[in-house]
**Student:** 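Could you have a look at this structure, given as structure tokens, before my questions?
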Amino acid sequence: MSSDSNPARYWLLKSEPDVFSIDDLKRKQREGWDGVRNYQARNSLRDEMRPGDLVIFYHSSCAQPAAVGLARVDSEAQPDPTQFDPASDYHDPKSSPEDPRWWLRQIAYVHRFEQPVTLQAMKQWEDDLDFPLLRRGNRLSVMPVPAAAARRILRDAGLKPDQWMSS
DNA sequence: GCCAACGTTGGC
DNA sequence: GCCAACGTTGGC
């Protein structure tokens with residue numbers, strides 16, 4: 001729940017569907033979003049997200065890059081345990097449990113779009129709405145989504161307002 | 001598979 | 001602190 005003066009924010013999380021898709025999240029219902037190893041994305045995860053914020057789930061590096069569903073931030077920041085695991089691809093020997101470098105959030109499934117909103121379609125918007133995804137060369141895997149862009153995506157995905165507003 | 005864009009690393 | 005080299009991302 002959020003007050004008018006402190007509205008929920010919107011985020012976009014990229015995932016390669018061959019690795020972890022919206023259907024995987026739907027099946028598991030909740031997932032620790034681990035493996036983020038970029039400082040800007042880390043700062044969003046650790047410092048800026050709040051439980052209850054909505055997440056646009058985006059499929060990248062695939063035949064049809066697109067926003068494919070909705071999720072919700074479902075925890076405070078937690079140290080990403082993969083950074084301490086020498087067997088993990090995400091192991092970071094320079095990090096320590098006393099001063100973790102990488103953080104994650106639990107993400108809860110909300111909805112799988114019946115109509116994905118493709119990157120191609122978003123690029124045809126008459127205005128990029130200051131959406132970082134549409135900026136040239138963008139590589140962030142965790143990014144804020146301006147409210148106007150989030151509304152546009154949800155509308156184009158065929159959702160009505162009462163299907164996504166938190167209650 | 002190509003390659004533009006960007007982040008990180010490390011020598012100096 | 002600069003910056004060239006290198007690695008990664010991700011659309012195409």
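So you know, we letter chains A, B, ... as the sequences are listed, proteins then strands, and number each from 1. All of these numbers come straight from a predicted model, not from anything done at the bench.
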**Student:** Under 4.0 Å from a heavy atom of chain A: give me the 5'-most and 3'-most nucleotides of DNA chain C that qualify.
**Tutor:**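 Boundary nucleotides touching chain A, in 5' to 3' order, are C:dG7 to C:dC12.
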
**Student:** May I ask you to say whether A:D80 pairs ionically with A:R101, meaning some side-chain N is under 4.0 Å from a carboxylate O?
**Tutor:** no

**Student:** Salt bridge or not between A:K26 and A:D23? Use side-chain N to carboxylate O under 4.0 Å.
**Tutor:**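 The answer is no: the pair does not qualify as a salt bridge.
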
**Student:** Between A:R105 and A:D74, is the closest basic N to carboxylate O distance under 4.0 Å?
**Tutor:** no

**Student:** Under 3.5 Å, side-chain donor or acceptor atoms of residues 123-130 of chain A against the rest of the protein: list the pairs with distances, not counting sequence neighbours.
**Tutor:**
unit_1: A:D127; atom_1: OD1; unit_2: A:L129; atom_2: N; d: 2.8
unit_1: A:D128; atom_1: OD1; unit_2: A:D130; atom_2: N; d: 2.8

**Student:** Can we say A:R72 and A:D53 salt-bridge, meaning some charged N sits less than 4.0 Å from an Asp/Glu carboxylate O?
**Tutor:**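 Salt bridge absent between A:R72 and A:D53.
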
